[in-house]
2 protein chains.
Amino acid sequence: MQRDEDVERCGFLHLHKDTLARVMAQLPADEELYDLAELFKVFGDSTRIKILYALFESELCVCDIAQLLNLTQTAVSHQLRVLKGSKLVKFRREGKTVFYSLDDDHVRSIIGQGMEHLNE
Amino acid sequence: MQRDEDVERCGFLHLHKDTLARVMAQLPADEELYDLAELFKVFGDSTRIKILYALFESELCVCDIAQLLNLTQTAVSHQLRVLKGSKLVKFRREGKTVFYSLDDDHVRSIIGQGMEHLNE
DNA sequence: ATAACATCTGAATAGATGTTCATATATTAT
DNA sequence: ATAATATATGAACATCTATTCAGATGTTAT
């Protein structure tokens, strides 16, 4: 991934200096780009997408999610942990059961935009 | 991932029938959800995110992208292939060089929404 | 035709990821 | 305290994925 000057490559032949400046100016810091990729990685699993979609309509407990989507309780629990870590879902406890719900409207808009892209 | 009735679980204790109906009605087909996850998987890699971001300002050739982002030409080429496969970038050939550009405004909005979510 | 250049492709490898199994924790009822 | 229930967690395993290396393809100039 890291590179130095030990390999022959073309120069910035096709890129004007001012364009280069604009591209570089737009480019966020490496860490921010990394975090962004980490966020999308969370959306990049069908189990998690299913869970998020199920939560569109109503808060749900772990067990209901598992039955609804035909998944094991353990798998759901693991994935909810990931979704929680990215602040995409929040939860509240009520006795033995834990209810999860969407934490953020960005979830809807991101998924919505993704769906739009697919249906083109 | 697949389950049957051989394991003890809670019933739909917390979910009213009409809510269940709404949740199920909202839920897209499995294949669609799978495709959506595949799409986000593409966004879920920092190299690809960098490439997409670089293309926000201007079309770029493979070699310029590689130098700009300090990546090998091969790695960039492989990732452009993936981006092309998801219709996120398009390209045009000009002599020896190939210029890539964003294929879709959804790229901007999806990345934008992701960034917004991070900065909360 | 040959050389030089830009890009692409396939195989191999190392690292990341999701599920399962077994078990632990937490809450409620008896 | 004990049992029952809902959820969470850790380790192990199999699968997927991104990069690198070596070589192929396509284009232009000589």
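So that the names make sense, note that chain A is the first sequence line, chain B the second, and so on, each numbered from 1. These numbers come from the heavy atoms of this one structure, side chains and all, not from hydrogens, waters or symmetry mates.
With rounding to whole Å, Phe43(A) atom CZ is found 18 Å from dG18(C) atom C1'. One can place CG of Leu60(A) at 15 Å from C1' of dT7(D), the figure rounded to the nearest angstrom. Rounded to whole angstrom, the span from the CZ atom of Arg48(A) across to the P atom of dT19(C) amounts to 8 Å. Summarising the geometry, the separation between NZ on Lys50(A) and P on dT19(C) is reported as 9 Å, rounded to the nearest angstrom. Rounded to an integer number of Å, the gap from Lys41(B) NZ to dC16(D) C1' is 8 Å. dC16(D) atom C1' lies 20 Å from atom CZ of Phe40(B), rounded to whole Å. The CD1 atom of Ile65(B) sits 14 Å away from the P atom of dT19(D) (whole-angstrom rounding). dT5(D) atom C1' lies 14 Å from atom CG of Asp64(A), rounded to whole Å.
Between Phe56(A) and Tyr53(A), the angle of the ring planes stays under 30°, which puts this pair in the parallel group of the 30/60° scheme.
At the heavy-atom level, Tyr100(A) lies under 4.0 Å from the strands shown only through sugar-phosphate atoms.
Although no hydrogens or angles enter the test, the distance criterion places no donor-acceptor pair under 3.5 Å between the side chain of Ser86(A) and the main chain of Leu83(A). At least one donor-acceptor pair closer than 3.5 Å links the side chain of Arg48(B) to the backbone N or O of Lys41(B).
Annotation: Glu31(A), atom CD; neighbour count of heavy atoms from other residues, nucleotides and ligands within 6.0 Å does not exceed 12.
A donor-acceptor contact under 3.5 Å links the side chain of Gln73(A) to the base of dA8(D).
When the nucleotides dC8(C), dG18(C), dT17(D) are ranked by their closest atom to the side chain of Gln79(A), dG18(C) comes out on top. Comparing dT7(D), dC8(C), dT19(C) by their closest approach to the side chain of Ser77(A) singles out dT7(D). When distances are taken from the side chain of Ala75(A) to each of dT19(C), dC8(C), dA6(D), the shortest belongs to dT19(C). Here dT7(D) is the nucleotide among dT7(D), dT17(D), dC8(C) with the atom lying nearest to any side-chain atom of Thr97(A).
Using modelled atom types, one finds no donor on one side chain facing an acceptor on the other under 3.5 Å when comparing His16(A) with Asp18(A). Of the N and O atoms on the side chains of Thr47(A) and Gln79(A), not one donor lies less than 3.5 Å from an acceptor on the other residue.
Residues Phe99(B) and Leu102(B) do not share a hydrophobic cluster, clusters being chains of Ile/Leu/Val/Met/Phe/Trp/Tyr side chains in contact below 4.5 Å. Cluster annotation: Leu118(A) is connected to Leu27(B) through the hydrophobic network of ILVMFWY side chains, with a link wherever side-chain heavy atoms come within less than 4.5 Å.
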Distances under 3.5 Å between nitrogen or oxygen atoms of protein and nucleotides 10-12 of chain C:
unit_1	atom_1	unit_2	atom_2	d
dG10(C)	O6	His78(B)	NE2	2.9

Please list each protein N or O that sits under 3.5 Å from an N or O in nucleotides 26-30 of chain C, with the distance.
none

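The existence of a salt bridge linking Arg92(B) and Glu59(B) is confirmed by a sub-4.0 Å separation between a basic side-chain nitrogen and an acidic carboxylate oxygen.
In this structure, Phe91(B) and Gly44(A) both approach DNA chain C, and ranking their closest nucleotides by distance from the 5' end singles out Phe91(B).
For the pair Lys84(A) and Phe91(A), the cation sits on the ring face: its NZ or CZ lies under 6.0 Å from the ring centre, inside 45° of the axis.
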